[in-house]
Amino acid sequence: MRSKYRLGVDAGGTFTDFVLAENDGSIRVFKSPSTPEDGTIAIRHGLGQIAEALNKPVSQIVQECDLCINGTTVALNALIEKKGVKVGLLCSSGHEDSIEIRLGHKEEGYRYEADFPPAHMIVPRHLRRGIGGRFLADGTEHSPLDEQQIREALAYFREQEVESVAISFLWSVRNPAHERRARELVQALLPGVFVCTGSEVYPQIREYTRTSTTIVNAYLSPVMRRYVERIDDYFRGLGARYPVRYFQSNGGLAIGEAMQGRAVNAINSGPASAPQAGLYVARPFGIDNVITVDMGGTSFDITLTKDSHTNLSKDIDFLRYRIGVPMIQVETLGAGGGSICRVDEYGMLQVGPESAGATPGPVCYGKGGTRPTVTDANLVLGYLNPDAVLGGTIRLNRDAAWQAVKKHVAEPLGISVEKAAYGISTIVNLNMVNGIRRVSIERGYDPRDFALVCAGGAAGMHITALAEEIGSRTVLVPKVASVFCAFGQIISDVRYNYLASEPMPIHRQADLSSLNARFHELERQGTEHLLADGFQLGDIGLGRSVEMRYQGQIHECPVEIPGGEITPETVDAMLAAFHRRHEELYTYSEPDNPVELVNIESTLTGRVSKPPVQHRTPVGKTLADALTGHRPMLFDADGHWVETGVYSGERLDVGLEIVGPAVVEEPTTNIVVRPGWCLVLEPNNCYRLTRLK
């Protein structure tokens with residue numbers, strides 16, 4: 001760290017989390033209710049809390065920060081709520097409807113559902129204009145660009161008050177000349193209108209994916225630009241010495257200038273930092289296989305890291321829109337503490353995905369919520385202290401939670417309130433377990449080989465139940481669990497992905513000169529970008545991957561490869577890795593069949609210095625010093641209440657063992673230690689829970 005502090009801010013659906021790291025290794029945690037109408041309000045409130053705690057003005061704290069990092073849901077919320085800008089599309093003539101045809105099939109899980117509605121089109125049909133002119137697959141021009149059609153389309157866009165233009169022509173990844181000229185015309189004839197091209201946003205093969213990604217980027221970037229400008233101006237006004245960094249969906253940081261025109265890279269900004277934080281807390285235990293689960297007030301996010309490498313997703317349907325750019329693979333469920341519970345028309349108990357969010361919130365918050373949530377059920381089960389104050393401002397009301405569960409769940413089902421609350425907890429646990437299985441078992445990984453890392457303010461009350469269901473015997477709960485993604489931001493690096501297409505048969509005798517030249521050009525661009533950002537050559541890291549397939553296949557498999565010159569020996573290693581990965585994903589490989597390379601990617605990383613780690617040593621306290629009392633809790637469906645010990649996490653000494661059942665209360669989260677589990681606070685400020693049988 002170059003200065004006294006480093007600040008991470010993560011805006012969630014219910015709370016905005018703040019982590020302030022000091023150069024002595026200490027970590028301070030703060031929370032402020034989110035303000036979906038304007039995220040900057042929550043940031044101001046959080047900084048006010050920090051200023052009060054440190055007894056310093058906000059401006060001084062910001063000036064003493066070497067990095068202020070923002071993980072934002074602005075782009076995600078705009079996509080969910082359909083609040084982007086009006087977009088016009090310039091595409092190759094005859095391909096105006098490709099985004100509506102959507103490759104001719106529905107998303108996974110709905111392929112055979114006849115009543116499944118079509119996706120909402122960001123660009124309506126009348127704003128999609130086909131343009132004459134064509135390049136071929138080898139990059140040669142088949143017919144010239146029809147500039148008159150572009151001018152006519154732009155005149156219509158002006159009449160329709162289009163705010164953003166997406167340009168995506170066939171084979172622009174092989175020759176972007178037509179897209180560049182169209183961009184020049186947009187800038188000249190529609191000054192002030194945002195414009196982006198497919199060859200810049202997603203320069204890889206697949207016309208539908210490239211067009212969809214470019215449209216989403218055009219839809220969100222003006223929204224993101226306004227947000228970034230507000231945040232940058234706010235921090236500059238406070239005297240910030242360094243530019244604000246924003247968290248990207250690829251798991252790395254970027255300056256605001258890079259984000260303003262690439263909002264598609266920020267769609268999954270918040271949860272993308274969880275894998276980095278998960279590895280950080282697991283490495284002292286010699287663990288490099290982790291599944292990180294983050295349960296906040298609104299959602300439940302899951303990421304998987306195998307051998308210290310986190311899965312990246314490309315070319316996926318996200319909120320029903322095809323996104324091609326690399327994103328940390330996050331499985332997101334509507335299963336948070338604020339998930340609403342109800343009995344449906346068939347008499348079945350349902351939990352989520354609808355959430356009470358920040359407003360009105362769970363019934364027990366006393367902010368106007370009337371329908372029971374997971375948090376209300378946890379309060380009824382005794383997992384939460386009925387006298388607790390959340391976020392510094394919200395006092396829980398157990399009686400209100402009890403009555404809500406009784407009215408909306410217990411009475412309609414004809415069961416006791418206790419069984420209703422336990423049923424709510426069980427169903428949300430099973431929903432979360434199914435999500436964990438999707439990122440593990442369905443992708444060729446055995447969850448029993450992974451430690452479960454707990455994140456989010458609500459996850460601690462469910463984490464041992466989840467571990468039992470998936471067979472994991474080790475659970476890690478860091479002290480910063482409730483602000484885990486904000487913590488992940490302050491230990492992350494700057495990262496940029498550079499993509500290209502280089503279709504070719506791949507074998508020992510292949511001509512590798514063009515492949516090497518393309519990699520070198522991508523990495524030259526990335527290095528120059530990072531050098532201009534203030535990094536030294538010694539601080540720049542390089543990662544490479546390629547996408548390969550058997551000739552005749554439709555889908556590719558990603559394979560990581562080493563840097564440096566690609567040689568016939570490198571090709572042998574690439575092919576072996578491809579066959580292995582294909583077998584992991586599809587249970588078979590065909591080593592004797594020819595393989596072709598399709599896409600390539602270089603990841604350039606600017607390594608940022610990490611805050612020092614603060615290790616704790618035992619001070620000689622006993623368990624009795626941490627015990628604050630007992631309260632009845634429910635751990636099974638039989639309705640048998642168990643008088644359970646309650647411990648203060650702030651008073652618990654390093655190395656002491658707590659055997660369940662028990663609850664450890666932290667200022668911003670509770671950890672439920674179910675019967676059959678043992679909890680120990682380790683020197684790195686992380687709780688380690690181990691299954692005893």
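For the single chain, residues carry numbers from 1 onward in sequence order.
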Run through Glu547, Glu502, Glu556 and flag the one making a side-chain hydrogen bond (donor to acceptor under 3.5 Å, both in side chains) with Asn599.
->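 Checked Glu547, Glu502, Glu556 against Asn599; only one passes side-chain hydrogen bond (donor to acceptor under 3.5 Å, both in side chains): Glu547.
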Have a look at Ser168 and tell me which of Thr197, Thr211, Thr213 forms a side-chain hydrogen bond (donor to acceptor under 3.5 Å, both in side chains) with it.
->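 Checked Thr197, Thr211, Thr213 against Ser168; only one passes side-chain hydrogen bond (donor to acceptor under 3.5 Å, both in side chains): Thr211.
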Please test Ile506 against Leu512 for side chain to side chain contact (heavy atoms under 4.5 Å, CB included), starting from the C-alpha separation and ending with a verdict.
-> CA-CA 9 Å; Ile506 191 74; Leu512 303 174; 4.1 Å; yes
Describe, in one word, how the ring planes of His178 and Phe135 are oriented to each other, choosing from parallel (under 30°), tilted (30 to 60°) and perpendicular (over 60°).
->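 Ring orientation of His178 relative to Phe135: tilted.
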Fit a plane to each ring of Tyr550 and His579, take the angle between them on a 0 to 90° scale, and name the class: parallel (under 30°), tilted (30 to 60°) or perpendicular (over 60°).
->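 Geometry flag for His579 against Tyr550: parallel rings.
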Could [X] and [Y] be called an ion pair, given the rule that one side-chain N must be under 4.0 Å from one carboxylate O?
X: Arg134; Y: Glu141; value: no
X: Arg125; Y: Asp97; value: yes
X: Lys86; Y: Glu163; value: no
X: Arg151; Y: Glu147; value: yes
X: Asp533; Y: Arg245; value: yes
X: Glu584; Y: Arg581; value: yes
X: Glu184; Y: Arg181; value: yes
X: Glu229; Y: Arg226; value: no
X: Asp233; Y: Arg236; value: yes
X: Asp315; Y: Arg206; value: yes
X: Arg607; Y: Asp493; value: no
X: Glu100; Y: Arg128; value: yes

Within a reach of under 6.0 Å around [atom1] of [X], are more than 12 heavy atoms found that belong to other residues, nucleotides or ligands?
X: Asp307; atom1: CG; answer: yes
X: Glu257; atom1: CD; answer: no
X: Arg320; atom1: CZ; answer: yes
X: His126; atom1: NE2; answer: yes
X: Tyr588; atom1: OH; answer: yes

Starting from the C-alpha separation in whole Å, work towards a yes-or-no answer on salt bridge (Lys or Arg N to Asp or Glu O under 4.0 Å) for Glu521 and Arg524.
-> CA-CA 5 Å; Glu521 175 59 22; Arg524 181 194 63 79; 2.6 Å; yes
Could you give the distance from [atom1] ([X]) to [atom2] ([Y]), rounded to the nearest 0.5 Å?
X: His309; Y: Thr305; atom1: NE2; atom2: OG1; result: 10.0 Å
X: Leu530; Y: Thr605; atom1: CG; atom2: OG1; result: 8.0 Å
X: Ile99; Y: Tyr208; atom1: CD1; atom2: OH; result: 8.0 Å

Would you say [X] and [Y] make side-chain contact, with heavy atoms under 4.5 Å?
X: Arg443; Y: Gln329; result: yes
X: Ile122; Y: Leu79; result: yes
X: Ser501; Y: Gln204; result: yes
X: Glu179; Y: Glu200; result: no
X: Leu515; Y: Leu597; result: yes
X: Glu331; Y: Asp301; result: no
X: Pro275; Y: Thr303; result: yes
X: Leu522; Y: Ile600; result: yes

Considering residues at least two apart in sequence or located in another chain, which fulfil the side-chain contact (heavy atoms from CB on, under 4.5 Å) criterion with Glu596?
->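 Scan of Glu596 (side-chain contact (heavy atoms from CB on, under 4.5 Å), adjacent residues dropped) gives Arg549, Gln551.
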For Ser273, what residues pass the side-chain contact (heavy atoms from CB on, under 4.5 Å) criterion, not counting sequence neighbours?
->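 By the side-chain contact (heavy atoms from CB on, under 4.5 Å) rule, Ser273 matches Phe247, Cys485, Gln489.
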Could you walk me through whether Phe535 and Val608 pass the side chain to side chain contact (heavy atoms under 4.5 Å, CB included) test, one step at a time?
-> CA-CA 9 Å; Phe535 290 94; Val608 176; 4.2 Å; yes
Is there a donor-acceptor contact under 3.5 Å linking the side chains of [X] and [Y]?
X: Tyr246; Y: Asp232; answer: yes
X: Ser249; Y: Asn265; answer: no
X: Gln248; Y: Ser269; answer: no

Answer yes or no: is there a donor N or O on one side and an acceptor on the other, between the side chain of [X] and the main chain of [Y], under 3.5 Å?
X: Asp146; Y: Gln148; result: yes
X: Thr16; Y: Asp10; result: no
X: Arg129; Y: Ile150; result: no
X: Ser172; Y: Asn175; result: no
X: Tyr219; Y: Gly84; result: yes
X: Asn217; Y: Ala263; result: yes
X: His520; Y: Asn516; result: yes

Verdict with reasoning, Ser212 to Thr209, per side-chain hydrogen bond (donor to acceptor under 3.5 Å, both in side chains) = CA-CA 5 Å; Ser212 176; Thr209 299; over 6 Å; no
Cation-pi check, Arg225 to Phe194: give yes when NZ or CZ is under 6.0 Å from the six-membered ring centre and within 45° of the ring axis, no otherwise.
->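 That pair does not qualify as a cation-pi contact.
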What's the verdict on side chain to side chain contact (heavy atoms under 4.5 Å, CB included) for Ile267 and Val325, showing C-alpha distance, side-chain angles and the deciding distance?
-> CA-CA 10 Å; Ile267 288 176; Val325 296; over 6 Å; no
With Arg544, the salt bridge (Lys or Arg N to Asp or Glu O under 4.0 Å) member among Glu560, Glu601, Glu523 |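 One option only clears the test, and that one is Glu523.
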Indicate every side-chain donor-acceptor pair of residues 88-95 with a distance under 3.5 Å to a residue at least two apart or in another chain.
from, atom 1, to, atom 2, distance (Å)
Ser92, OG, Leu170, N, 2.8

Given Asn70 and Thr72, is the side-chain hydrogen bond (donor to acceptor under 3.5 Å, both in side chains) satisfied, shown in steps?
-> CA-CA 6 Å; Asn70 184 212; Thr72 174; 4.7 Å; no
Kindly determine whether Phe169 and Leu145 satisfy side chain to side chain contact (heavy atoms under 4.5 Å, CB included), including the steps that lead there.
-> CA-CA 10 Å; Phe169 296 149; Leu145 182 68; 3.9 Å; yes
